[in-house]
**Student:** 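This is the structure I want to talk about, given as structure tokens.
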Amino acid sequence: MPENEFSLTREFVNEVIDMRGFAAHVAELAVEMARQAGEPVTRPLSKAQIERAVQANGTETRLVMDALIAHLETMYREGSLPEDAGVQRW
């Protein structure tokens with residue numbers, strides 16, 4: 001392959017797509033939060049609006065994951081998880 005050519009791996013492209021999806025989610029959350037706060041919503045959004053959405057997203061993600069883990073732990077103790085739900089430990 002000549003020096004001035006390159007190709008991207010599928011993993012890299014998928015990662016960039018995932019990053020853009022996350023960024024779009026945070027931007028839409030920032031828009032909704034700005035509307036709820038009675039702020040004008042113009043693009044590009046302000047740094048403060050984006051930072052507020054990133055913080056809220058992190059808080060909500062932690063709460064959801066904590067609730068999910070607690071639910072799955074209950075299911076595990078009750079023996080109601082499907083057999084293929086776990087990964088073999090080394």
Side-chain angles (χ1 to χ4, degrees):
M1 179 183 312
E3 284 184 40
N4 60 347
E5 290 185 24
F6 67 96
S7 63
L8 299 174
T9 66
R10 181 180 307 268
E11 292 81 12
F12 176 80
V13 172
N14 287 339
E15 187 172 327
V16 170
I17 290 168
D18 288 345
M19 289 169 33
R20 179 59 188 124
F22 175 74
H25 167 74
V26 169
E28 289 308 310
L29 178 59
V31 166
E32 181 59 29
M33 292 178 75
R35 284 188 181 128
Q36 289 177 6
E39 300 171 358
V41 179
T42 57
R43 298 288 180 131
L45 298 165
S46 73
K47 182 179 180 194
Q49 289 170 321
I50 295 293
E51 287 174 345
R52 182 175 57 198
V54 167
Q55 183 178 14
N57 182 72
T59 300
E60 290 170 352
T61 298
R62 278 189 301 280
L63 290 169
V64 168
M65 294 307 296
D66 289 349
L68 177 61
I69 289 168
H71 178 68
L72 292 173
E73 286 174 345
T74 299
M75 289 178 70
Y76 175 77
R77 283 191 303 277
E78 293 171 351
S80 58
L81 283 176
E83 287 184 29
D84 62 349
V87 177
Q88 192 91 23
R89 292 192 179 186
W90 297 21

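The figures here come from the full heavy-atom set of this structure, side chains too, leaving out hydrogens, waters and symmetry mates.
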**Student:** Show which side-chain atoms of residues 71-79 pair as donor or acceptor with protein atoms under 3.5 Å away, not counting sequence neighbours.
**Tutor:**
residue, atom, partner, partner atom, Å
Thr74, OG1, Ala70, O, 3.1
Thr74, OG1, Arg77, NH2, 3.3

**Student:** Check the hydrophobic clustering (I, L, V, M, F, W, Y; side-chain heavy atoms under 4.5 Å; chains of links allowed) and say if Leu8 and Val16 are grouped together.
**Tutor:** yes
**Student:** Around Gln36, counting heavy atoms of other residues, nucleotides and ligands shown, do more than 12 lie under 6.0 Å from its CD?
**Tutor:** yes
**Student:** Can you tell if the side chain of Arg62 reaches within under 4.5 Å of the side chain of Thr59, non-hydrogen atoms only?
**Tutor:** yes
**Student:** Is Ile69 linked to Leu63 within one hydrophobic cluster, defined over Ile, Leu, Val, Met, Phe, Trp and Tyr using a side-chain heavy-atom separation of less than 4.5 Å?
**Tutor:** no
**Student:** What closest approach, in Å, do Ile50 and Ala30 show between heavy atoms, and which atom pair accounts for it?
**Tutor:** CD1-CB, 4.1 Å
**Student:** Under 3.5 Å, side-chain donor or acceptor atoms of residues 41-48 against the rest of the protein: list the pairs with distances, not counting sequence neighbours.
**Tutor:**
residue, atom, partner, partner atom, Å
Arg43, NH2, Glu28, OE2, 3.0
Ser46, OG, Gln49, N, 3.0
Ser46, OG, Gln49, OE1, 3.3

**Student:** Output, in order, the C-alpha distance, side-chain angles, deciding distance and verdict of side chain to side chain contact (heavy atoms under 4.5 Å, CB included) for Glu15 and Met19.
**Tutor:** CA-CA 6 Å; Glu15 187 172 327; Met19 289 169 33; 4.2 Å; yes
**Student:** Hey, could you give me the CD/CZ distance between Glu39 and Arg52, rounded to the nearest 0.5 Å?
**Tutor:** 4.0 Å
**Student:** So, using side chain to side chain contact (heavy atoms under 4.5 Å, CB included) as the criterion, who are the partners of Val64 when residues are at least two apart?
**Tutor:** none
